[in-house]
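What follows is a short report on a single structure.
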There are 2 protein chains.
Amino acid sequence: MSTIQDVARHAGVSVSTVSNVLNGRAERMRKETLERVQSAIRELKFQPNRLAQQLKTGQTSLLGLLVPSMTNPMYGFMAREIEKFAQEMGGLRLLIGSTYRDREKESAFFDDLLAHGVRRVIVISSLADERHFETAVGNGMSVVSYDRGATPGRRSRVAHVMPDNQLAAQLATRHLIEHGHARLAFTTVAGLTMSRSAKIQGFTAAAEHARVHGEVLDGGPLNEYGETVIAQVGRATAHQIARMRERPTGVVALNDLMAMGLMAGLRECGLAVPQDVSVVGIDGMPVAGLTNPALTTVCLPVREMAQAMVARALNRERGRKDVVFAPSLLRRESVAAPPTRQRSARVPRAEELLS
Amino acid sequence: MSTIQDVARHAGVSVSTVSNVLNGRAERMRKETLERVQSAIRELKFQPNRLAQQLKTGQTSLLGLLVPSMTNPMYGFMAREIEKFAQEMGGLRLLIGSTYRDREKESAFFDDLLAHGVRRVIVISSLADERHFETAVGNGMSVVSYDRGATPGRRSRVAHVMPDNQLAAQLATRHLIEHGHARLAFTTVAGLTMSRSAKIQGFTAAAEHARVHGEVLDGGPLNEYGETVIAQVGRATAHQIARMRERPTGVVALNDLMAMGLMAGLRECGLAVPQDVSVVGIDGMPVAGLTNPALTTVCLPVREMAQAMVARALNRERGRKDVVFAPSLLRRESVAAPPTRQRSARVPRAEELLS
DNA sequence: ATGAAAGCGCTAACAT
DNA sequence: ATGTTAGCGCTTTCAT
């Protein structure tokens, strides 16, 4: 690896001239000098040491990305879009980390980013407490938080980008109602993040508005493996649903992964989707279109949100710091009219289940 | 952000003493001094600037991870395991990037890593050409390559970790043969990576050994979106299969994502899995267990491979640099005996398809 | 138009 | 046992 010194020597100029070339201050020198430096750079295959640049300038070409878990395909999907925009808009690489929605892990990651000189972070999270973000901003970071709004009343220096989660749940719920469903459920996991609360509100509001029965089913906690387990929770919730005397005929799932778990679980109990139970997801992640039946879901505009997040992380779009994006319903096959009578189900015992 | 200078001043010692504390050379000083320094560190919330450390030592606490695409849930799954071991075994964070199996992108990422001082990389790739890896090793990098063996004959300074892909395809193929299938297909995408060749070999060998018809179906190229599209290719291949006069009754898919696409496509043509066509995947990614029918697949030992990769990236495990891991069959629901007679299928036209 | 030099925050050899 | 100091590779101000 050659250094700026090598280039300077090779071109017969001083390091500052080379530095000027590197930093686009070519107008300060003779064309001839510029060319000499450029060819020296080429010949030596010189790549400026980012570490040294960063130490000097305090600016990294790295973008921190915190996701709850890389095992939920939705976050892989989002990471991909974010990566693309980060490259295109700012030449930034991704320093990624999983938080499993754990405050400790999230803080530790922030500390590491700071120590690495990373000044821009996108956090896909939704922990209620945002104070460590503010601390980070205080340390000069540009923080973008996904999936939760600013705490009302306190003005925040953190940018917020999110889908309208309440609307998402409403769209899903209304879709079921339009198909004639009158006994609805919203399935979630333990723990109220902001996005989960918003979805529950949307669901409840839509059900109440149509004067239809709507209940919230909490499938319990996620373990350290985080998001994969969300599908397992969905499966368990399906068993719970199958056991109910007055079974809901339409279910809105917290997200697509949970919906997939739900569908698998319902099937295990001998219940058909959508003939016995209709299911709607929220997310619109690509793999969810491959299920049988194909999952009807509320799509989030991932590309647009990713672009907005990167723009804010780069401190473009100074004006409107917070943005909410509208989701849209994607009709596929997992919703139909409710059954005329409730079919009896059979919940398998643990040992009968496939892994 | 306080610096080592601040700490030194605060504790009334020199910077080297603080540095000694930081680098575990506490035995060189009086206990009392150590304590003074430690409390100064605590009081100032001092975090050493990694950039400066790295510039000095040439050692980053970052691990580069190259994946073909974050949109294939299998790679999210692998990334998660790699991240865990990287943290546990070396306190390393992940600098991640997608290559879309493009040489240019792969090289550019390597250059960036080098410029960022990153000395360890894990590459989930399988491009035939490995020369740029060797260059990187020449530049002092520790490179671990997944899913392809060393080029025979040339001894490589790149470590190789991989599943036995040939065996994986064999296990899948044999499983179909054991169920009585005599007309088999292996579905893949355009482009022969090493892992794809190995799988094709395993498939062909198993079919020939059982004196059974086995053909390889190439669904065409992937576009820039890479891996998501692999499911679409699977779907298109399913349509191709449905059109065949002598339809295969058992199909081995290149990987789980393609298998999911295949199942969706077969269903669109009115063919039931496994009654009309049996399908086996390769990977064992979590979401593939949620399909209907649940996908029978050959599981790769992701955890073990991840651990091996990180160990090699850290230059532990100097001895056996290359390792091959054995996969294992996971029986679920997508394989049954072949149908007694071939059912007629109906391939939908493009405009009839759901997105 | 070009160069000299200070310094970003740290490490580690070398003094004391 | 502790301190002094020379860099790591770059940017940038200030001279020339």
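Here is the naming used below: chain letters follow the sequence lines, and residue numbers restart at 1 for every chain.
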**Study point:** Distance in angstrom units between A:Arg119 CZ and C:dC8 C1', rounded
**Key:** 12 Å
Exercise for review: Examine distances only and state if a side-chain atom of B:Asn20 and a backbone atom of B:Ser16 form a donor-acceptor pair shorter than 3.5 Å.
Suggested key: yes
Check your understanding: Does OP1 or OP2 of D:dT2 have a side-chain N or O of B:Arg28 closer than 4.0 Å?
Key -> no
**Study point:** Check against side chain to side chain contact (heavy atoms under 4.5 Å, CB included), A:Ser61 and A:Gln54
**Key:** CA-CA 8 Å; A:Ser61 49; A:Gln54 290 160 17; 4.0 Å; yes
Review point. So, B:Lys31 and B:Glu35, do they make that salt bridge, N to O below 4.0 Å?
Key: no
Check your understanding: Hey, does B:Asn23 reach any base, or is it just sugar-phosphate, or nothing, if we go heavy atoms under 4.0 Å?
Key -> sugar-phosphate
Check your understanding: Can you tell me if the side-chain N/O atoms of A:Thr33 get under 4.0 Å from OP1 or OP2 in C:dT2?
Key -> yes
Check your understanding: Can you check whether B:Arg25 has a side-chain N or O nearer than 4.0 Å to OP1 or OP2 of D:dT2?
Key -> no
**Study point:** Phosphate-side-chain proximity, A:Arg50 and D:dG9, N/O vs OP1/OP2 below 4.0 Å
**Key:** no
Review point. What about B:Lys56, does its side chain sit under 3.5 Å from the base of D:dG7 through a donor-acceptor pair?
Key: yes
**Study point:** Whole-Å distance separating the CG atom of B:Leu114 from the P atom of D:dG9
**Key:** 13 Å
**Study point:** Rounded distance (Å) that lies between atom C1' of C:dG7 and atom CD of A:Gln53
**Key:** 16 Å
Point to revise | Sugar-phosphate only, base, or nothing, as touched by B:Val15 at under 4.0 Å among non-hydrogen atoms | key: base
Exercise for review: Would you name the heavy atoms of A:Asp6 and A:Thr3 that are closest together and state the gap between them?
Suggested key: OD2-N, 2.8 Å
Review point. Under the 3.5 Å rule, do the base of D:dT4 and the side chain of B:Ser16 count as making a donor-acceptor pair?
Key: yes
Check your understanding: Can you find an N or O donor on one side and an acceptor on the other, under 3.5 Å apart, linking the side chain of A:Thr17 with the base of C:dA1?
Key -> no
Practice item. Using a 4.5 Å cut-off on heavy atoms from C-beta on, say whether the side chain of B:Met70 contacts that of A:Met70. Key: no
Review point. Closest to the A:Ala52 side chain: C:dT11, D:dG9, C:dG3?
Key: D:dG9
Point to revise | A:Arg30 CZ to C:dT2 C1', straight-line distance once rounded to whole Å | key: 9 Å
Exercise for review: With the side chain counted from C-beta on, respond yes when B:Arg93 and B:Gln87 share a heavy-atom pair under 4.5 Å apart, and no when they do not.
Suggested key: yes
Review point. A:Leu22 CG to D:dC10 C1': how many Å, rounded?
Key: 9 Å
Review point. 5'-most contact on DNA chain D: B:Glu32 or B:Leu55, nearest heavy atom basis?
Key: B:Glu32
Check your understanding: Starting at CG of A:Leu44 and ending at P of D:dG9, how long is that distance when rounded to a whole Å?
Key -> 14 Å
Study note, to complete from the structure: From CZ of B:Arg36 across to C1' of D:dT2 the rounded distance in Å is 11 Å
Exercise for review: Please state how far atom NZ in A:Lys31 lies from atom P in C:dA1, giving the value in whole angstrom units.
Suggested key: 14 Å
Check your understanding: Among D:dT11, C:dA4, C:dA12, which nucleotide sits nearest the side chain of B:Ser19?
Key -> C:dA12
Check your understanding: Can a side chain N or O of B:Thr3 be found less than 4.0 Å away from OP1 or OP2 on C:dG9?
Key -> no
